[in-house]
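Heads up: the structure comes next, in structure tokens.
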Amino acid sequence: MKVNNKALKCLLNIDYLITGAALVGLITVTFLGVIMRYFLNNPFIWLEEVQIWCFVWLVFFGAGAAFRTGSHVAIDVIVDLFPPKVKKVVEICVYLVVMAVLFYLMTHGSNLVRQMANTGRMTNILKVPYSIIYSALPIGCGLMMINYTIITATSLLTKKADMEGGAEEWI
Amino acid sequence: MDISAVGLGAIVLLTFLFLQVPVFASLLAGSVVYFALTPSIPTQIIAQRVIAGIESIPLLAVPFFICAGVFMNYSGVTKRVMDFCEVVTGRMTGGLAQVNVLLSTLMGGLSGSNLADAAMQAKMLVPEMERKGFSKEFSSVVTASSAMITPLIPPGIAMIIYGSIANVSIGRLFIAGIGPGVLLCVSMMILVSVISKKRGYKPARQTSVKPKEFILALRNAVLPLLLPVIIIGGIRLGIFTPTEAGSVAIIYSLILGVAYREMKFSHVITGLKETITSTASIMLIVGAASAFAWILTRERIPQQVTELIVNMISNKYVFLMAVNVFLLVVGMFIEGNAAMIVLVPLLAPVATAYGINEIQFAMIFIFNMAVGCLTPPMGTLMFVTCGITKCKIKNFIKEAVPFYILLFVCLMLLTFVPAFSVGIVNLLY
Amino acid sequence: SPASQNDGGSSEAPGQDVKPVVIQIGYENHPGEPLDVAVNEWKRLIEERSNGTMEVQIFPSSQLGSKNDIIDQMLAGDSVITLADGAFYADRGVPDFGIVFGPYLFDSWDEAWTLTESDWWQEQSGKLEAQGLKLVASNWMYGDRHLLTTKPVRTVADLKGMKVRVPNNTIQVKGFEVLGATPTPMALGDVYTALQQGTIDGLENPLPVLYNGKFHEVAKYLTLSQHVKNFTTWISGVQFFDSLTAEQQQILIETGAEAGIYNNNLQDQVNQETLEKFVAEGVEIIEIDLKEFQETAEAFYSFPEFTSIWTEGLYNTVKDSMK
Ligand code: NA
Ligand code: NA
């Protein structure tokens with residue numbers, strides 16, 4: 001399925017922008033951290049805070065994109081033994097299970113974010129609110145649900161069972 | 001009642017796992033069942049445990065070493081190291097198959113991921129091997145099984161994850177991998193040579209290598225081959241931590257890519273994207289598995305397991321053999337990182353109770369998980385390789401039997417001879 | 001705050017065998033450390049006093065998560081208790097609490113204990129309760145924090161420019177900056193190699209931590225700097241605490257204080273033994289002129305990072321409260 005709408009295409013790739021920035025930031029601060037500490041005697045005292053922040057965002061904002069590239073591992077050997085019709089039913093059931101689990105995690109992740117906001121927890125040195133850092137979890141669950149839905153719909157409609165093929169075109 | 005909630009959670013987890021529910025979602029579903037049946041525990045803790053599993057500085061090394069490995073593939077490094085391997089193994093029986101094994105070992109120093117290694121060599125080397133008369137099955141088997149060496153040679157992602165959950169020094173685990181890695185490399189090269197002699201697979205080249213040629217190949221490969229030395233040396237000298245070593249490796253691979261004039265900006269973008277999706281999928285499993293592991297801890301399952309095993313088994317070697325059988329089976333079915341996060345907290349304390357060296361136990365654990373990648377039904381290395389070379393799984397398994405035997409012998413050496421894993425560590429620390 | 005009666009009490013209506021309340025105590029220390037031994041004593045006391053209506057499960061070695069994780073768990077309503085100190089409460093909406101971790105705040109342990117009995121402490125505890133955290137016990141000694149270094153530190157001048165590993169929080173970072181050192185946050189697990197290779201010049205902690213990490217193999221000078229009298233507190237969530245009966249609440253608090261005394265005796269003994277071990281293993285023990293360090297550290301209490309978030313005149317209030 002080609003996504004022709006340019007706006008939609010941008011929207012679908014915005015997660016790459018955020019995670020790309022997080023990854024480049026992560027690499028940069030870590031590498032500079034070594035130089036500052038060992039060679040310039042002037043360590044970044046906020047290093048760990050920023051690393052954790054980038055890492056959490058990298059993982060959860062990237063989790064939806066990982067559906068597009070078929071990077072989420074699953075055991076298919078048993079299902080592969082089933083006849084095609086049963087396979088399709090299994091695929092739909094798997095879809096429902098994953099959506100339910102992600103919805104559950106999204107709901108309780110939002111509660112966690114709300115708790116962070118209510119109790120005003122902040123990182124120690126830069127005072128970044130944890131509600132911002134942790135908001136990646138519910139947002140990430142939402143992104144995964146959107147991506148997974150598009151992938152499953154594409155796969156069911158085009159009868160192309162493998163995730164890898166159909167998705168690459170968006171990227 | 002809470003115990004039955006754990007039991008039900010575990011059943012749901014395994015059922016979903018085999019019905020093609022993604023690994024992370026199966027682990028989450030198992031945890032959801034537990035939380036739903038245990039109202040006394042506030043539910044947002046599930047979200048907290050998923051995040052907490054990811055909020056770990058040592059695990060930052062995962063994206064770093066993935067990224068470094070991907071960049072290496074674009075930087076022209078692989079080609080240079082391959083030429084070097086060809087010169088080294090030049091006149092050996094089995095030619096390109098020997099190159100294949102040696103290449104995985106040397107690339108092990110640059111990359112932490114066995115899948116990336118297998119995929120790359122299945123694309124680059126196998127067609128070449130087939131042209132030189134090797135069978136498709138043999139080429140695939142050599143590629144997949146030698147890729148097992150890559151994560152054993154430092155850096156390796158499994159060691160980073162193991163070290164961070166069991167609180168074992170990652171620097172030491174890195175070094176501990178060298179022994180088994182080299183052992184596998186040498187024994188696989190011997191096996192390849194025996195099989196090749198029988199089948200008449202020819203050496204890569206007919207003429208002997210001139211010293212001048214050797215020096216030229218070495219000079220081309222020397223910068224990439226320096227990276228493991230930089231990593232181990234830097235960690236050992238306290239300049240950077242194993243995690244930070246990952247960022248150094250990335251910068252180094254970028255510099256090589258620019259120096260060799262092979263890396264384009266578009267490669268960097270593609271590399272970053274690959275890193276992002278691989279990291280997200282691995283770390284999501286790590287987070288989900290730590291939620292489930294928290295449930296086991298909260299229900300005091302590790303303590304009970306320890307008590308049970310220690311009461312049942314009195315001898316540490318009997319225990320290790322039991323662990324080997326158990327882990328081999330687990331490794332066949334469950335993704336290695338997830339298995340590690342759930343099972344290490346269960347088994348590592350028991351091993352300590354038997355007085356087994358923590359590094360040796362870690363290596364036994366990691367080795368078992370690595371073997372699982374080569375065996376059906378969930379052999380990721382096998383699938384990736386066969387997927388690219390279009391080799392039939394049935395034929396692959398038949399051809400792989402001598403390699404399975406070899407791996408088993410190595411596992412026994414690891415189990416009964418601590419020096420293989422601990423020796424070099426003791427020497428260096 | 002009025003100790004509200006149990007609102008979860010309806011579950012025991014049938015009056016038959018009541019399921020005991022299960023409490024999880026989680027902390028970062030490992031089995032066998034004095035603190036762990038004292039927690040086991042606490043568990044014994046609680047279960048004995050409560051006649052089986054309370055059960056305690058112990059989770060050492062961060063099994064339930066980091067300190068911050070456990071605090072978040074109790075804020076969500078879980079039945080956990082954990083160990084935390086002023087530096088943590090400062091990040092949890094009670095900034096004034098951070099001052100108890102400031103350098104050379106106390107001249108003696110008695111001053112620390114007097115402070116925990118004072119009105120000021122009561123007031124802060126109340127603020128913490130408003131944030132959802134209930135102080136269960138406040139009299140647990142963690143130890144004097146001292147300095148272990150690769151070069152001898154006898155005066156404040158010796159410390160100038162030395163890279164000292166500190167835990168990753170503002171109060172401890174600034175506490176060493178004020179003494180002229182370069183504070184270097186780093187995971188404790190990396191410290192040994194870092195010392196050996198000269199990446200850092202020293203670290204600070206109570207004696208047992210310094211000894212158990214074998215850091216003296218690579219850093220031979222122990223300065224008895226006593227820069228922080230590190231006492232620690234046990235907290236639970238207000239929500240969980242209020243779900244207990246008044247009697248159970250009382251048992252928890254009484255036994256917590258008793259186990260605290262048990263802990264403090266144990267800590268004194270272990271500290272003495274540890275110091276002897278250091279001497280026996282060839283570490284030079286350096287006594288310092290405390291006065292010089294105390295005077296240098298005083299500037300800490302007027303750092304704008306702190307005065308901007310602290311109640312005005314906090315330092316004097318606290319100093320008065322410990323007399
Ligand atoms: Na190979
Ligand atoms: Na490697």
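Residue numbering restarts at 1 for every chain, and letters A, B, ... go by the order of the sequence lines.
- Residue with the most contacts toward chain A among B/S31, B/P63, B/A25, B/A291: B/P63 (heavy-atom pairs, distance under 4.5 Å).
- In terms of heavy-atom pairs under 4.5 angstrom with chain A, the leader among B/Q48, B/E274, B/M283 is B/M283.
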Practice task
Might you work through the side-chain contact (heavy atoms from CB on, under 4.5 Å) test for B/I41 and B/T38, ending with a clear yes or no?
Solution key: CA-CA 6 Å; B/I41 300 181; B/T38 318; 4.1 Å; yes
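- With a threshold of 4.5 angstrom between heavy atoms, A/Y95 does not approach chain B through any atom at all.
- Interface remark: B/I251 contributes side-chain atoms only to the contact with chain A (heavy atom separation under 4.5 Å).
- When all heavy atoms are compared, the tightest approach of B/T385 to B/A118 is OG1-CB, 3.7 Å.
- We find the OG1-CD distance between A/T30 and A/Q51 to be 4.0 Å, quoted to the nearest 0.5 Å.
- When the heavy atoms of residues 119-135 of chain A are compared with those of chain B, the residues falling under 4.5 Å are A/Y130, A/Y134, listed by number.
- In this pair, B/H267 and B/Y74 present their aromatic rings parallel. The plane angle is below 30°, not in the 30 to 60° band.
- If you measure heavy-atom distances from A/F82 to chain B, the contacts under 4.5 Å come from the side chain alone.
- No other option in A/G109, A/S110, A/A66 has as many heavy-atom pairs under 4.5 Å with chain B as A/A66.
- Of the possible polar contacts, none joining the A/R68 side chain to the B/T277 backbone as a donor-acceptor pair under 3.5 Å is found.
- For chain A, the nearby part of B/I250 is the side chain; its heavy atoms alone come within less than 4.5 Å.
- For the atom pair A/T154 OG1 and A/I150 CD1, the distance stands at 7.0 Å (nearest 0.5 Å).
- Heavy-atom pairs under 4.5 Å with chain A peak, among B/I57, B/V50, B/L284, at B/I57.
- Only the side chain of A/M144 comes within contact range of chain B, with heavy atoms under 4.5 Å apart.
- Taking the six-membered ring for Trp, B/F240 and A/Y38 have ring centres at least 6.0 Å apart.
- For A/I27, the parts lying under 4.5 angstrom from a heavy atom of chain B are both the backbone and the side chain.
- Between B/E55 atom CD and A/W53 atom CH2 the span is 13.5 Å, to the nearest 0.5 Å.
- In this structure, A/L102 CG and B/L28 CG are separated by 7.5 Å, a value rounded to the nearest 0.5 Å.
- Taking every heavy atom of both residues into account, A/L156 and A/I92 meet most closely at CD1-CG1, 4.0 Å.
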Handout entry: Chi angles and distances behind the side-chain contact (heavy atoms from CB on, under 4.5 Å) call for A/E91, A/S155
Key = CA-CA 10 Å; A/E91 195 180 341; A/S155 135; 2.7 Å; yes
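- Using a 4.5 Å cut-off between heavy atoms, B/L59 touches chain A through backbone and side chain atoms alike.
- Taking each heavy atom of B/A47 and A/L137 in turn, the nearest pair found is CB-CD2, 3.5 Å.
- Contact tally against chain A (heavy-atom pairs below 4.5 Å) for B/T243, B/L17, B/T241, B/T275: the top residue is B/L17.
- The part of A/V24 that comes within reach of chain B is its side chain, from C-beta onward, which places non-hydrogen atoms under 4.5 angstrom from that chain.
- Proximity to chain A is limited to the backbone of B/S56, based on heavy atoms less than 4.5 angstrom apart.
- Between chain A and the options B/I285, B/I282, B/V32, B/I46, heavy-atom pairs under 4.5 Å are most frequent for B/V32.
- Between the CZ atom of A/F39 and the CG atom of A/L32 there is a distance of 12.5 Å, given to the nearest 0.5 Å.
- Contact count versus chain A (heavy atoms, under 4.5 Å) is highest, among B/T279, B/V21, B/I45, for B/V21.
- Only the side chain of A/Y104 comes within contact range of chain B, with at least one heavy atom under 4.5 Å from a heavy atom of that chain.
- Contacts between A/L112 and chain B at a heavy-atom distance below 4.5 Å involve backbone atoms as well as side-chain atoms.
- With a 6.0 Å cutoff to the six-membered ring centre and a 45° limit on the axis angle, B/K273 counts as a cation-pi contact of A/Y16.
- The CD atom of A/Q115 lies 5.0 Å from the CD atom of B/Q44; values are rounded to the nearest 0.5 Å.
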